[in-house]
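Please read the structure below before turning to the comments.
In this text the structure is predicted, and so the values were computed from the model without any measurement. All chains are named by letter (A, B, ...) in the order of the sequence lines, taking the proteins before the strands, and each is independently numbered beginning at 1.
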Number of protein chains: 2
Amino acid sequence: MGEIESVLEKYQIRPTAIRLLMYKFLRERNIAVTLNDIESGFEKSDRTTLYRTIKTFEKKGLVHQIDDGTGVAKYALDEKQVEDGLPQDLHLHFHCESCNETVCLTDHKIPHISLPQGYISRDMNLVIKGVCDKCSGK
Amino acid sequence: MGEIESVLEKYQIRPTAIRLLMYKFLRERNIAVTLNDIESGFEKSDRTTLYRTIKTFEKKGLVHQIDDGTGVAKYALDEKQVEDGLPQDLHLHFHCESCNETVCLTDHKIPHISLPQGYISRDMNLVIKGVCDKCSGK
DNA sequence: GAAATAAATGCAACTTAAGTGCAAACTTAT
DNA sequence: ATAAGTTTGCACTTAAGTTGCATTTATTTC
């Protein structure tokens, strides 16, 4: 059994052909991808299947969904987080308005924010928009 | 000329009947509303008109769009910001997963975050999800 | 004030992404 | 090998956002 199979099993995801391919696909890039991106990367499979596959990954905690403000859901692998045993995804995301790519800045945690009385925080989502290193040329 | 008219004129928005009504509508609540919310609040007008009206408000800087992770665009009045002359909207938003309401926490600014070399920040969006004061009962 | 011009509105239709139902194909356990 | 459960593919539905165009309304010019 390959390494990829064992990752999926670790997340209790049955390693079917498409799931293995999608996991590889996600590993190959370090940016968040849309369902459309995934679809373009697969010639064989059907959109619905890919949709349900990524949702399965999400439910099992292998990927997290990112809402970067473009209006389309994006997904990215989320492995480190589970290794740490953290229940939530509190790193921040950067969306480049030039190349339209979104990356996880996993080393940049969202700082603590004190809320008004009575407000209970369960999750946070911080997206910074601007120009990424590739596009700024610096 | 009433106070409401003069606010619209200040933003260079011609004060038509629908625009005045929508502005009043937005003022009446202190939460962010969807286009559907607005639609439900108006019996007379057409969805497209309301859509274009809110987009006009947005273009002129009277409202800002909020992306709270629910997948639907929400809008909220944005007056203070222009008084301060700030170009961007850097306060944070709280989305209650219980009542599904989103509020602007205008007094809570997003803390400064240092990005990796080459990344240029132009805008930020921070949404905290959890339970609001009304729903937590505290 | 009437005609000409420009802006706003309402209707219909289109686009895109997300999501569901169901039957066929495939796995897994017995 | 069979039965049960899971996954996959196709067709269809829903929901939000958006555009084109004709009509109405407001503004400007004469």
Partners of [X] by side chain to side chain donor-acceptor pair (under 3.5 Å), sequence neighbours excluded?
{"X": "B/Arg27", "result": "B/Glu3, B/Tyr23"}
{"X": "A/Asp68", "result": "A/Thr70, A/Lys74, A/His95, A/Thr102"}
{"X": "B/Glu58", "result": "B/Lys55"}
{"X": "B/Thr49", "result": "none"}

Contacts of A/Asn30 that satisfy side chain to side chain contact (heavy atoms under 4.5 Å, CB included) - sequence neighbours left out: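 Result, side chain to side chain contact (heavy atoms under 4.5 Å, CB included) vs A/Asn30: none returned.
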Test side chain to side chain contact (heavy atoms under 4.5 Å, CB included) applied to B/Arg14 - qualifying residues, sequence neighbours left out: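 For B/Arg14 the side chain to side chain contact (heavy atoms under 4.5 Å, CB included) partners, ignoring immediate neighbours, are B/Arg19.
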Any base atoms under 4.0 Å from [X], or only sugar-phosphate, or nothing? Heavy atoms, all strands.
{"X": "B/Thr34", "value": "nothing"}
{"X": "A/Thr56", "value": "nothing"}
{"X": "A/Lys55", "value": "sugar-phosphate"}

Can you tell me how far [atom2] of [N] sits from [atom1] of [X], to the nearest Å?
{"X": "B/Tyr51", "N": "C/dC11", "atom1": "OH", "atom2": "P", "result": "18 Å"}
{"X": "B/Ile18", "N": "C/dA7", "atom1": "CD1", "atom2": "P", "result": "18 Å"}
{"X": "A/Leu50", "N": "C/dA18", "atom1": "CG", "atom2": "C1'", "result": "14 Å"}

B/Ser40 and B/Asp37: side chain donor to acceptor below 3.5 Å: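 There is no such pair between these side chains.
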ring-ring contact (aromatic ring centres under 6.0 Å, His included) against B/Phe94, all qualifying residues, sequence neighbours excluded: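 So B/Phe94 forms a ring-ring contact (aromatic ring centres under 6.0 Å, His included) with A/Tyr119.
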Qualifying residues under ring-ring contact (aromatic ring centres under 6.0 Å, His included), relative to B/Phe25, sequence neighbours excluded: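 Result, ring-ring contact (aromatic ring centres under 6.0 Å, His included) vs B/Phe25: B/Phe42.
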Review item, side-chain donor-acceptor pairs of residues 130-137 of chain B, under 3.5 Å, at least two apart:
residue	atom	partner	partner atom	Å
B/Lys134	NZ	B/Glu101	OE1	3.1
B/Ser136	OG	A/Gly118	O	2.6
B/Ser136	OG	B/Cys132	O	3.4
B/Ser136	OG	B/Asp133	O	3.4
B/Ser136	OG	B/Lys138	N	3.3

Terminal contacting nucleotides, 5' and 3', DNA chain D versus chain B (heavy atom, 4.0 Å):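 Listed 5' to 3', the contact boundaries are D/dA16 to D/dT27.
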Show the distances under 3.5 angstrom between N or O atoms of the protein and N or O atoms of nucleotides 21-30 of chain C.
residue	atom	partner	partner atom	Å
C/dG21	O6	A/Arg52	NH2	2.9

Sub-4.0 Å heavy-atom contacts from residues 67-74 of chain A onto DNA chain C, ordered by number: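 By residue number: A/Val72, A/Ala73.
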Donor-acceptor contact present, side-chain B/His108 to main-chain A/Ser114, <3.5 Å: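 Looks like yes, one N/O pair under 3.5 Å.
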Closest-nucleotide 5' rank along DNA chain D - winner of B/Arg47 and B/Thr16: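 Going by which nucleotide is closer to the 5' end, it is B/Arg47.
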